[in-house]
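One structure is given below, encoded as structure tokens.
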Amino acid sequence: MKINKLHDDKSKYILGLSTMGTSAACIFKGKELIAAIEEERISRIKNDGGFPIESIRQCLEISGISIEDISAVCVYWKPFKISTRLLGVFKKIIFSVKFSTSIRYTFYRIYSLFLNNNNLYPEDRGSWLDLFFIKKILKKEIGNFQGKVFFLDHHLTHQTYAASMQNWQNSILLSYDGGGESNSTVLSVNLNNKLINLKKIKWPNSLGHFYSFFTGYLGFRMLEGEYKMMGLAPHGKPVYKDIILDQILILKDDGGYFFNTKLCDYHGALYGNFNKKLIKLFGHPRQKGEEPSENHINLASSVQAAFEDAQKHMVNWAKQKYPQINNLVLSGGCALNVSANGKILNSKLFDKISLPPAPHDAGCCIGAVLAYYYNNNNNIFDFSNFENVNSPYLGYNYTNDEIKQAFDILKVSTPKKLNDSDLINYTSQSLIDKNIVAWFNGRFEFGPRALGSRSFLADPRNDNIRDEINDKIKKRELFRPFAPSVIKEECKNYFDIRQESPYMNIVANVHEDKKKLIPAITHIDGTARVHTVSYKSNPMYYNLLKKFGEETGIPILLNTSFNIQEPIVRSPSDAIKTFLKSGVDLLVIGNYICDTQWKNQNLKK
């Protein structure tokens, strides 16, 4: 069969696509992952869900090929599999407490999904209909594509990408998000590289929609502000958790759950419409820009606690069936809930957990290619012979010459240039001197976390730096925490975590005797979102952390994403522009150093 020839040929190029939600593209050469890019990094539209034309173009550029060299396109969704979605919509409308309101808001959502028209969420510009015209779009926008198109099951693409991080022969897998073609949650077991589905929970029962609904209720932007509610939760008490688990998110004896869409109309919430019964239970929704009240904060804490109970309820049910399995693989948009991930690891229900750098829909572009190979390899759930799939550094690597060209194009002066060793020493001392550093080095990251290629960095010993970054630079809510990057050899000396966390997606307790040493990255509940760094994964960033540790005794830096109310910077011009309009003290870009004097001189131009 042609499909098997494609599968066996190591020289063939395959394009993977995620085209809605957070869209992205990747390219494999045989079984080697060459590049993966989220569309938002290029379009500069946060959470861009449009067809990833620009990502495809840059992936082709990195790979040194044209679209004519692509043998196949693997897509993260089966567009013809729509019956469950339609049935769920009709049921939700019929049984809604407010029938006419439910029809109106559900229709708005369907209209925007299929016809690519959403004024309230302009970034949600991807269309289900695009999936039926992949070839046509590629030919129109990119070039003469002559390959085949394969559609893969959404949750399988989540699972394959997540599983490829560790390649455990035996594991329990939980994929959960807003929803795939039919299911919002899939719970599976991998037994000796054979994937067996244990439970599928159909949409609109959705933990993703549950969490997003209350994100909107608490005045944050749905589909974007969920991490804000998670950051707010530790400041409160879960006083409403029992009410939520009794009336809204009901945990079932069979390991599943039921989300009460009568009370919580997700599509209505997108437009700021909430049921009066909910208001009686929890008080008035928070308005945009309103300071969170104690009641709001307690509700955030309660929603987070209920979410964590639901997650543990499902994986505990699977663990009881397979008590010999001690590895857990998490994927889907809900796996971005780093607090829940930390709680499940800390519970010691499993020895280790694994997540990819992009567990949300963007990562499915990689998972689609892996799922394609899985389907054509006798369904053997083994990805150990794939290269580079567990690296988060998959974007373009700008040379010093290209960075110099960016200075010229922007008509700013060329700053001083240092060799690698002097650059590390200079940056470390700047951090010790309480400066905030914008760090731009190497290939940019794939996924929502800044992992030492596009980061704002600061001294974690300086507690005041946290408010300074939040207020003056990031211009975000003061309650939101910052993450630590730590060299992996020293992680256990500062954090209560029994494994590496290379993608910053697990929260761990800070050791009691270390909290006063690193207050800027210790959250109000004594935790931190840990990022472990190895020399192999990121040599320059590792050396910076090591040098800072040699000088201060603390091999840790405060690390937050290099952006200001925008997607994380991608290109040298993005970085220079953001630095110039920020309150950051120093830009380290490639081997160039832009200090405050350089900034002031060029701002006058």
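Reckoned from all heavy atoms, side chains included, excluding hydrogens, waters and symmetry mates.
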If you draw a 6.0 Å radius around CD in Q405, do more than 12 non-hydrogen atoms from other residues or ligands fall strictly inside?
no

I need the R443 CZ to I37 CD1 distance, nearest 0.5 Å.
8.0 Å

Mind checking the CD-CG spacing from Q311 to L174? Nearest 0.5 Å is all I need.
6.5 Å

Extract all donor-acceptor atom pairs below 3.5 Å that involve side chains of residues 325-344 and protein atoms in other chains or at least two apart in sequence.
unit_1	atom_1	unit_2	atom_2	d
N326	OD1	K319	NZ	2.8
N327	ND2	N170	O	3.4
N337	OD1	Q304	NE2	2.9
N337	OD1	A340	N	3.1
N337	ND2	Q304	OE1	3.1
N341	ND2	A335	O	2.8
N341	ND2	N337	O	3.4
N341	ND2	N505	O	2.9
K343	NZ	E308	OE1	3.0
K343	NZ	E308	OE2	3.4

Check the angle between the aromatic planes of F80 and F151 and answer parallel, tilted or perpendicular using the 30° and 60° thresholds.
perpendicular

Shortest non-hydrogen contact between I42 and E54, atoms and distance:
CD1-O, 3.3 Å

Backbone N or O of W168 within a donor-acceptor pair of the N190 side chain at under 3.5 Å?
yes

Are the side chain of E490 and the backbone N or O of P555 linked by a donor-acceptor pair below 3.5 Å?
no

Can you see whether F440 has R454 sitting over its ring - NZ or CZ less than 6.0 Å from the centre and within 45° of the normal?
yes

Might you work through the side-chain contact (heavy atoms from CB on, under 4.5 Å) test for V588 and N441, ending with a clear yes or no?
CA-CA 8 Å; V588 180; N441 192 276; over 6 Å; no

Between I134 and F51 the two heavy atoms that sit nearest each other are CD1-CE1, 3.7 Å

So which pairs with a foot in residues 538-547 pass salt bridge (charged side-chain N to carboxylate O under 4.0 Å, His left out), sequence neighbours left out?
K547-E551

Judged by modelled atom types alone, do N419 and N591 share a side-chain donor-acceptor pair under 3.5 Å?
no

Within a strict 4.5 Å, meaning less than it, do heavy atoms of the N205 and T185 side chains meet?
no

Check the orientation of F210 and F259. Use parallel for under 30°, tilted for 30 to 60°, and perpendicular for over 60°.
perpendicular

Summary of salt bridge (charged side-chain N to carboxylate O under 4.0 Å, His left out) pairs that have at least one residue in residues 378-401, sequence neighbours excluded
none

Less than 4.5 Å apart, side chain to side chain, heavy atoms only: is that true for L545 and S485?
yes

Quick check against the 3.5 Å criterion: does S428 have a side-chain atom that pairs as donor or acceptor with the backbone of I424?
no

Under 3.5 Å, is there a donor-acceptor pair between the side chain of Y393 and the main chain of L451?
yes

So, using side chain to side chain contact (heavy atoms under 4.5 Å, CB included) as the criterion, who are the partners of Q320 when residues are at least two apart?
N316

The residue among K200, Q159, H155 that forms side-chain hydrogen bond (donor to acceptor under 3.5 Å, both in side chains) with S175 is H155

Counterpart residues, side chain to side chain donor-acceptor pair (under 3.5 Å), relative to D69 (two or more places apart):
S66

Are L557 and V437 close enough that some pair of their side-chain heavy atoms sits under 4.5 Å apart?
no

How long is the span from the CG atom in L33 to the CG atom in N390, to the nearest 0.5 Å?
9.5 Å

Grab the two heavy atoms, one from P356 and one from Y503, that are nearest each other, plus how far apart they are.
C-CD1, 3.8 Å

Side-chain heavy-atom pair I70, I27 within 4.5 angstrom cut-off:
yes

What residues, two or more places apart in sequence or in another chain, satisfy side chain to side chain contact (heavy atoms under 4.5 Å, CB included) together with S571?
Y398, S573, D574

Could you tell me whether Y373 and F28 have their ring centroids closer than 6.0 angstrom?
no

List the residues meeting side chain to side chain donor-acceptor pair (under 3.5 Å) with D309, not counting sequence neighbours, and say none if there are none.
K241

Residues in ring pair (Phe, Tyr, Trp, His ring centres under 6.0 Å) with Y542, at least two apart?
Y535

Can you check whether V389 reaches F383 side chain to side chain, under 4.5 Å on heavy atoms?
no

Please check if the side chain of T157 supplies one atom and the backbone of G367 the other of a donor-acceptor pair under 3.5 Å.
no

Looking at N192, is its backbone amide N or carbonyl O close enough to the side chain of Q169 to form a donor-acceptor pair, meaning the two atoms are under 3.5 Å apart?
no

Please check this pair: side chain of S188 against backbone of L173, looking for a donor-acceptor N/O pair closer than 3.5 Å.
no

Counting N and O atoms only, with roles assigned by atom type, does the side chain of N388 sit under 3.5 Å from a partner on the main chain of E32, one being a donor and the other an acceptor?
no

Rounded to the nearest 0.5 Å, how far apart are NZ of K202 and OG of S184?
10.0 Å

Rounded to the nearest 0.5 Å, how far apart are CG of N379 and CG of N193?
12.0 Å

Side chain of S63, backbone of C59: donor and acceptor closer than 3.5 Å?
yes

Ring of F145, cation from K139 - is the NZ or CZ under 6.0 Å from the centre and inside 45° of the axis?
no

Only counting residues at least two apart or in another chain, list the ones meeting salt bridge (Lys or Arg N to Asp or Glu O under 4.0 Å) with K199.
D254

Is any side-chain heavy atom of I497 less than 4.5 Å from a side-chain heavy atom of T532?
no

Give me the atom names and distance for the closest heavy-atom approach of R498 to F350.
NH2-O, 3.0 Å

Minimum heavy-atom distance between C26 and C365, given as atom pair plus value
SG-O, 3.4 Å

Taking salt bridge (Lys or Arg N to Asp or Glu O under 4.0 Å) as the criterion, tell me which of E224, E40, E38 meets it with K46.
E224

According to salt bridge (charged side-chain N to carboxylate O under 4.0 Å, His left out), does anything in residues 499-511 pair up with another residue at least two apart or in another chain? List the pairs.
K488-E500

Could you tell me whether the side chain of D361 reaches within less than 4.5 Å of the side chain of H154, counting heavy atoms only?
yes

Do F495 and I521 have side chains that get closer than 4.5 Å, going by heavy atoms?
yes

Is S206 reaching over with its side chain to a backbone N or O of W203, donor-acceptor style, under 3.5 angstrom?
no

Heavy-atom nearest pair, V530 first then A508, reads CG2-CB, 4.0 Å

Can you list everything that forms a side chain to side chain donor-acceptor pair (under 3.5 Å) with Q166? Sequence neighbours excluded, please.
none

What distance separates I137 CD1 from L131 CG, expressed to the nearest 0.5 Å?
8.0 Å

Salt bridge (charged side-chain N to carboxylate O under 4.0 Å, His left out) pairs, two or more places apart, involving residues 151-174
K81-D153

Going by atom types alone, do S43 and D48 pair a side-chain donor with an acceptor below 3.5 Å?
yes

